[in-house]
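Please read the structure below before turning to the comments.
This is a predicted model, so every value here is computed, not measured. Below, read A as the first sequence line, B as the second, and so on, with proteins coming before strands; counting in each chain starts at 1.
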There are 2 protein chains.
Amino acid sequence: MVKELSTEDKILDAARRIFVSKGFNGCTSREIANEAGMNVALVNYHFKSKGNLFDIIVSSILKDFSLSIFEIMKSDMPLMHKTRIMIEKEYEFLSKHPEIPSFIVGELGKKDKNFFDCLQFSELFQEANILSQIQEAQEKGEMIRIDFVSIMLLVMSNCHFPFMAKPMIQTIHSIDDSSYKEYLMIHKQYVTEMIVNYLFPNKNKN
Amino acid sequence: MVKELSTEDKILDAARRIFVSKGFNGCTSREIANEAGMNVALVNYHFKSKGNLFDIIVSSILKDFSLSIFEIMKSDMPLMHKTRIMIEKEYEFLSKHPEIPSFIVGELGKKDKNFFDCLQFSELFQEANILSQIQEAQEKGEMIRIDFVSIMLLVMSNCHFPFMAKPMIQTIHSIDDSSYKEYLMIHKQYVTEMIVNYLFPNKNKN
DNA sequence: ATAATAATTAAACACTTGTTTAAAATAGAA
DNA sequence: TTCTATTTTAAACAAGTGTTTAATTATTAT
């Protein structure tokens, strides 16, 4: 028993698939309508324009993208463990949505509109207890002195880039999609150890 | 005294600027011709088509992109120093061409054609003495056991991503281009220490 | 059932796209 | 100069673009 999606949801699903894989300028309204199995005019009937539809998809993606991270930030875990889990969950999320990093970098960088504003990072940081937790760990000497945004940049660099670099790495290694997934799981271990060792140099070995 | 470029070079320069900042589908032949200060038909007279011009630009960029790295690989330095210099030079190159990482990820990932083939990585690795150097360092216990491509992925992740993430970080930090450049220089230090500490855990502190 | 509203369609609209054509301008060689 | 080949231009071309219109179908409320 397949549950039938509403017309709007069908369009949103199709639009997300196509926008993510081809970009805003790499696809047409008709292509999205066709993927959703319906007429072109319906896309503009339910959503005002192609640009408006794109904005909706982008907000949706950015929301998904930031949700898992902030859930972990808010959680009540020791900072080192939190860092490990953050990397773990990020690889998990990106394994399900591997095109998102390339999409964000490729589509959101060159637009005039700034999509990142809507994320309201600062407020979310305040809400999470992560900032005071970092300060505390640094005062105790458990963590090196480094600002929060740099930490996030280190984590994101090592989580997102391996997914973006897939075409290149696959060419070098001559491996298929399945083998690349395995390769990513090994790389995740390297990344976790590297970052944790760097941020928490005095940690107990176990 | 300004030296006048040839028509073809003027078109190539304009095409590179526009392709890099807007992508293949984000710009038009007329836009490129206009940027070069000439007629549309001239672009197709000197270069067969928009697609052909794009291919030429991509090869040129990929060549620049891989050149500096391979020069360092081939050089006669101890492995740890080589790693430091590689990160240093990569940040230097990307500071001059900050849009290249986003361009490569955004444009080369979704194309049917595989642009990375032409780089012939394997042959270049053989030519450089880096592989045997790594093996030697690992047998001596100076370097952890990790394959070369993973090392490169670690280095590239931490060099390229910070340039791609510029729009996002600037939004979070509310900083201008100049401050972001300073921020990158600090981040480069973090990255260098983190990677070198991880790859060469028994190194002498100085 | 009937009227009113919403959803869907095919067709058309005005505009931009990459590319080509044919004429004009320029340069070089005889 | 005159002839020839190359370079440059304006104009046109067919195809594709996002969007709108007007007519048709489906749904809902009375």
Looking at Lys22(A) and Glu31(A), does any basic side-chain N land under 4.0 Å from a carboxylate oxygen?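 Glu31(A) and Lys22(A): salt-bridged.
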Under a 4.0 Å threshold between the charged nitrogen and the carboxylate oxygen, would Arg16(B) count as salt-bridged to Asp64(B)?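 Yes, Asp64(B) and Arg16(B) are salt-bridged.
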Using a heavy-atom cut-off of 4.0 Å to chain B, what are the terminal contacting nucleotides of DNA chain D, in 5' to 3' order?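 Contact boundaries, 5' end first: dT6(D) to dA12(D).
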Check the phosphate of dG18(C) against Ser49(B), side-chain N and O only, distance under 4.0 Å to OP1 or OP2. Yes or no?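 So the side-chain polar atoms of Ser49(B) never come under 4.0 Å of the phosphate oxygens OP1 or OP2 of dG18(C).
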Roughly, in whole Å, what's the span from [atom1] in [X] to [atom2] in [N]?
X: Lys48(B); N: dG18(C); atom1: NZ; atom2: C1'; value: 12 Å
X: Asn44(B); N: dT19(C); atom1: CG; atom2: P; value: 5 Å
X: Phe47(B); N: dG18(C); atom1: CZ; atom2: P; value: 16 Å
X: Asn25(A); N: dT17(C); atom1: CG; atom2: P; value: 10 Å

Within a reach of under 6.0 Å around CG of Asp117(B), are more than 12 heavy atoms found that belong to other residues, nucleotides or ligands?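 Enclosed: over 12 neighbouring heavy atoms sit under 6.0 Å from CG of Asp117(B).
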If I compare all heavy atoms of [X] with all of [Y], which pair ends up nearest, and what's the gap?
X: Met164(A); Y: Val105(A); result: CE-CG2, 3.8 Å
X: Ala165(A); Y: Tyr180(A); result: C-OH, 4.0 Å
X: Tyr91(A); Y: Leu184(A); result: CE2-O, 3.8 Å

For His160(B) and Phe65(B), run ring-ring contact (aromatic ring centres under 6.0 Å, His included): C-alpha distance rounded to whole Å, both residues' side-chain angles, the deciding distance at 0.1 Å, then the answer. CA-CA 11 Å; His160(B) 286 227; Phe65(B) 159 69; 5.4 Å; yes
Taking Glu107(B) as the fixed residue, which of Phe19(B), Phe24(B), Phe115(B) is the one that meets the side-chain contact (heavy atoms from CB on, under 4.5 Å) rule?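 Single side-chain contact (heavy atoms from CB on, under 4.5 Å) partner of Glu107(B) among Phe19(B), Phe24(B), Phe115(B): Phe24(B).
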Protein N or O to nucleotides 5-8 of chain C N or O, pairs below 3.5 Å:
from, atom 1, to, atom 2, distance (Å)
dA7(C), OP2, Tyr45(A), OH, 2.9
dT8(C), OP1, Thr7(A), OG1, 2.9
dT8(C), OP2, Thr7(A), OG1, 3.2
dT8(C), OP2, His46(A), NE2, 3.0

